[in-house]
Amino acid sequence: MKDYVASGVWAVLSATLCLWIVDVSASIQLIRAVSIGGMVQATLRDYAGMFIAESQVAFGLILVAWLLGPLSAVVSRSRDWQKHAVALASAMVAAMTMVIVAITSWHLPIRNPREALTVGAVAGALLLVTIHIVLRKRDDSRWAFSGITRYLLFPALIVGHGNLALAKAIRGRWIAAWSDAATLLMLFVIIYAIGRLRSRSRRDMIGWLPMGAVVLMTFVSIVRFSNPGPAGAVVRGTTQPDRPNIVLIVLDTVRADHLQHYGYKRNTMPALENWADDALVFMRAVTPAGWTAPAHASMFSGLTVSQHGVHYEGSREQYYTNAFDGVLWLPEALRSEGYYCLAVSANPFSMEFGVTGWDDVHLSNRHEFYDGTIAGLTDHFSPLLNRVNEALRWRTPYLDAERIVDIITKTVPDGDAPVFLFVNMLDAHAPYNPPGESLDQLNLSPRHLYNRYRSHREITRMLDTLPDGAIDDVGALYDGELRWLDTHLERLLEWIDDRWGDDSIVIVTSDHGEELGEEGRVGHEYGLPQRLLHVPLLVRGPTTPAGEIRDIVSTRRIFDFLYLTGAGKRPGFDVFLPEDEYGLVSERYPTQHSILKSLGSDYGRPWISLFHGNHKVVGPSETSSAVFDISVSGFDQEVEVSADAQAESLQFWIEDYWDEFRDQRVQGDTTTISGELLKKLKSLGYVQ
Ligand SMILES: [Zn+2]
C-alpha cells in the first residue's frame with residue numbers, strides 16, 4: 001500500500017512537470033520575463049499558479065490510471081499493475097498534450113526569429129534539466145528514465161514540438177519552425193544517448209551540462225535582450241522641440257460611462273481623473289468600430305472600417321481580414337519623420353492586421369495563451385478547482401497593466417530620436433477577475449464567479465441561468481479591473497512626466513466599450529450600441545489646453561492629430577472635429593458566432609451607424625434601420641424616434657456608403673485606397 005501511494009505521488013509530480021513544461025515551452029511569456037528582468041518575479045508567481053493548476057489535472061489523470069491499472073493487470077493476468085498504470089497515464093498525458101498543443105500552436109504570439117530561437121532554446125534547456133532531475137533522483141527505480149520519462153515526458157514533448165514545428169512551417173515562420181525541429185532532433189539524440197549510457201556517474205556528468213546551459217541562457221537573455229532605462233539623470237527622448245515625444249495609450253474595452261468624469265457613480269479610475277484636470281477631455285468620442293482590430297486600424301490609419309478593410313472574416317482559418325494594401329500607417333508616417341516607434345500591447349488584435357512601421361514590438365496574447373494551456377483546462381472541468389485557483393489569486397498569465405508598465409520603463413530607448421510609444425492595456429477585457437485589493441478600494445464584494453465569467457461569450461450564453469444580481473456582480477468585477485488598471489496607468493503617466501516632461505503629447509483612449517448585461521449581452525460582439533461606441537478620449541499636450549469638448553468626434557482622428565504633430569505642425573484640437581463626409585461613421589461586419597443564433601439573426605447582419613446633430617442613425621435599411629435621438633437622455637442612452645427629414649437624409653447616406661464599399665468588402669478586393677489616401681494627405685497639407 002505504501003508503495004502504491006508513494007509511486008502515485010511520484011507519478012503525479014512527474015506528470016505535472018510534463019504538463020507544465022509543455023505549457024511553458026509553448027508560451028512566450030517566460031522568455032519575455034527573462035529578457036525583461038523586472039518581470040521575473042511576477043511571472044514566477046503566475047507559473048507557480050499554473051503548476052498548481054496542472055497538478056490538479058495530473059492528479060485526476062494519475063488517479064484514474066492508478067485505479068484502472070490494477071484492473072487492467074488482473075484482466076491481462078499480469079502481476080505488474082504499475083506497468084499498466086504507467087501505460088494508461090502516459091497515454092492520457094500524451095493525448096491531452098496532443099490536443100492542447102495542437103490548439104496552442106496555431107495561436108502562438110511569436111513575433112520574430114529572435115523570440116522563436118529563444119523559445120526553442122529555453123524549452124530545450126528546460127527539457128534537459130528535467131531529464132537531469134529524473135535521472136539523478138530515480139536512477140535506481142522502475143520510475144526512472146525508462147518509466148515516467150520515457151512514457152510521459154518524451155511523448156508529450158515530441159508531440160508538442162513536432163506540432164509546433166509543423167504549425168509554424170505551414171504559416172511560413174520558417175526560422176521558428178526550424179528551432180522546434182531542432183528541439184525535436186535534440187530530443188531524439190538525448191533519448192538515444194542516455195539509452196546507451198551504462199555508468200551512473202557519466203549520466204550525472206551529462207546531467208550537469210544542461211544546468212550550466214540554462215544558467216548561461218538566462219544570463220545571456222537578460223544581458224542581450226533587456227534594455228534598462230537610464231540610471232540617475234533624466235534622459236529626454238527628444239532634443240527637437242518641434243518633434244515632441246508621443247504616447248498613445250489605449251485602455252482596451254473601457255467604456256466612457258464607467259468613468260466618473262463621464263458621469264459614473266463610482267470613481268473607478270481616480271488617477272486618470274486627476275490627470276484629466278490638465279487634459280483636454282472629449283466628452284463625446286465615438287469609435288469607428290465596436291471591437292479591437294478595426295478600431296485600432298482606424299486609429300493607426302485615420303480611415304473608416306470599409307476604407308482600411310479590417311473586419312470580421314468569419315471563417316475558421318481567418319478570424320478577420322487584413323488591411324488593404326496602400327494604407328499609410330501612423331508608425332510608418334512617424335518613422336519617416338525621424339521617430340522611434342515602439343509598441344507594447346497586451347492584445348494581438350491591436351496590431352496583427354498589417355500595421356507596419358514599428359521599430360520594436362512587445363506583444364502578449366492573453367486569451368489564446370491561457371485557453372490553449374493545460375492549466376486552463378481546470379477552469380472548464382471543475383468549478384471547485386477553479387475556486388482553489390481563485391483563492392490562490394492565480395491571475396491569467398498575460399501582460400497585465402503592471403507588466404506593461406514594467407516593460408515600458410525598461411525598453412524605451414535613450415537617444416536623441418523622438419519616441420512614438422503605443423500602449424494597449426487589456427485588463428478591462430473579460431475575464432473580469434480583478435485582484436481583491438482593487439475591489440476593496442472600491443468597497444465592492446461581488447461574487448467572484450471566475451469560472452462562469454471567464455469568457456464574455458459564455459456569459460451571454462448563460463445569462464438566463466445565472467442567479468439574481470449576477471449582472472451587478474459582472475459590473476462590479478469590471479469596475480474592479482478598471483481600478484487595477486488605474487493603479488498602473490498612474491505609474492505610467494508619472495513615468496512619462498519624469499522622463500519626458502510636460503511638452504510630450506499623451507493621448508488616453510479606448511478602442512471600444514463593453515456590454516455588461518444590458519439587453520442580455522456581455523462583451524463587445526453585437527451591434528453598435530452606445531455602450532460600445534462611446535469611449536474616453538483625453539489629450540494632453542502643449543497645443544491642447546485643459547478643458548472639455550462636447551462635439552461628437554471620432555477616435556480615428558487620432559491619426560490626423562498625431563501625424564501632424566509628428567510633422568512639426570502643432571495641430572490644435574480642431575483636427576478632431578469632423579469635416580469630411582465619413583466623419584462619424586461606425587461599422588460592424590459580424591462573423592457567424594454560434595452565439596448569434598441564440599441572440600437572433602439581427603446580430604449577424606452588417607451594421608453601419610452615423611452621428612449627426614442629435615441623431616444617431618443605424619442601417620443599412622436592406623437589413624434593419626433605426627433612428628435614435630441622443631440628446632434626450634444623454635449621450636449614453638438610446639431613445640428611438642421616428643425619422644424626420646434630416647434623419648432620412650442620413651439613412652440615404654448610409655445606403656450610399658454601403659453601396660460604395662459592399663462589393664469591395666465582400667469580394668475581399670485588395671486594391672489600394674490611394675484615391676482616398678491622396679485626399680486625406682491633401683487635407684492634411686502633405687500633398688499639394
Ligand atoms: Zn479591444
Side-chain angles (χ1 to χ4, degrees), residues 107 109 248-259 269 285-301 305 308 310-313 319-323 330 343-355 361-371 396 398-401 404 422-433 453-457 459-460 474 478 481-482 484-485 489 507-516 521-537 554-556 558-559 586-591 593 607:
H107 298 290
L248 172 58
I249 302 169
V250 176
L251 308 175
D252 207 294
T253 323
V254 171
R255 56 191 263 186
D257 69 345
H258 269 241
L259 304 181
M269 302 193 72
V286 293
T287 173
W291 69 286
T292 307
H296 280 81
S298 287
M299 284 189 268
F300 287 141
S301 69
V305 175
H308 59 58
V310 179
H311 56 82
Y312 278 129
E313 169 67 16
Y319 190 55
Y320 54 89
T321 54
N322 280 338
L330 184 60
V344 182
S345 172
N347 190 345
F349 288 176
S350 70
M351 340 195 33
E352 291 188 334
F353 46 76
V355 53
V361 169
H362 291 263
L363 185 66
S364 165
N365 190 337
R366 170 177 172 171
H367 298 282
E368 284 161 357
F369 166 74
Y370 174 70
D371 284 343
T396 310
Y398 68 106
L399 287 184
D400 73 358
I404 289 274
F422 161 66
V423 183
N424 175 298
M425 296 178 172
L426 193 58
D427 300 66
H429 197 290
Y432 316 125
N433 181 31
Y453 295 160
R454 249 186 79 243
S455 150
H456 45 119
R457 261 179 229 162
I459 308 171
T460 301
V474 173
Y478 176 81
E481 290 281 15
L482 296 187
W484 167 254
L485 192 54
L489 179 65
I507 295 182
V508 179
T509 187
S510 178
D511 53 346
H512 52 80
E514 183 81 329
E515 296 196 88
L516 297 167
R521 302 187 299 265
V522 175
H524 45 272
E525 305 211 333
Y526 324 104
L528 295 170
Q530 289 299 86
R531 298 179 282 278
L532 296 189
L533 296 187
H534 186 198
V535 292
L537 176 60
S554 172
T555 51
R556 72 187 172 92
I558 288 170
F559 170 88
S586 300
E587 296 159 80
R588 174 185 294 277
Y589 303 104
T591 181
H593 291 314
W607 291 68

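Both ligands and their constituent atoms are indexed starting at 1 by order of listing. All residue numbers refer to positions in the sequence shown, counting from 1. Source: prediction; values computed, not measured. Just so it is clear, the values below take in all heavy atoms, side chains as well, and ignore hydrogens, waters and symmetry mates.
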Tell me which N, O or S atom from [X] is the closest to the Zn ion (ligand 1).
{"X": "Asp511", "result": "OD2"}
{"X": "Asp252", "result": "OD1"}
{"X": "His512", "result": "NE2"}

Got an N, O or S from Thr292 under 2.8 Å of the Zn ion (ligand 1)?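 Yes.
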
Any donor-acceptor pair under 3.5 Å linking the side-chain atoms of Thr555 with those of Thr509?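 Distance-only check fails for Thr509 and Thr555.
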
List in chain and number order the residues that pass ring-ring contact (aromatic ring centres under 6.0 Å, His included) with His296, two or more places apart in sequence or in another chain; answer none if no residue qualifies.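 With sequence neighbours excluded, His296 shows a ring-ring contact (aromatic ring centres under 6.0 Å, His included) to Phe422, given in chain and number order.
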
Could you tell me whether a side-chain N or O of Thr287 sits under 3.5 Å from a main-chain N or O of Asp511, the two making a donor and an acceptor?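 Yes; judged by distance alone, with no hydrogens or angles, the pair exists.
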
Using a strict threshold of under 4.0 Å (side-chain N to carboxylate O), is an ion pair present between Arg255 and Glu514?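 Judged by the 4.0 Å cut-off on N to carboxylate O distance, Glu514 and Arg255 do not form a salt bridge.
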
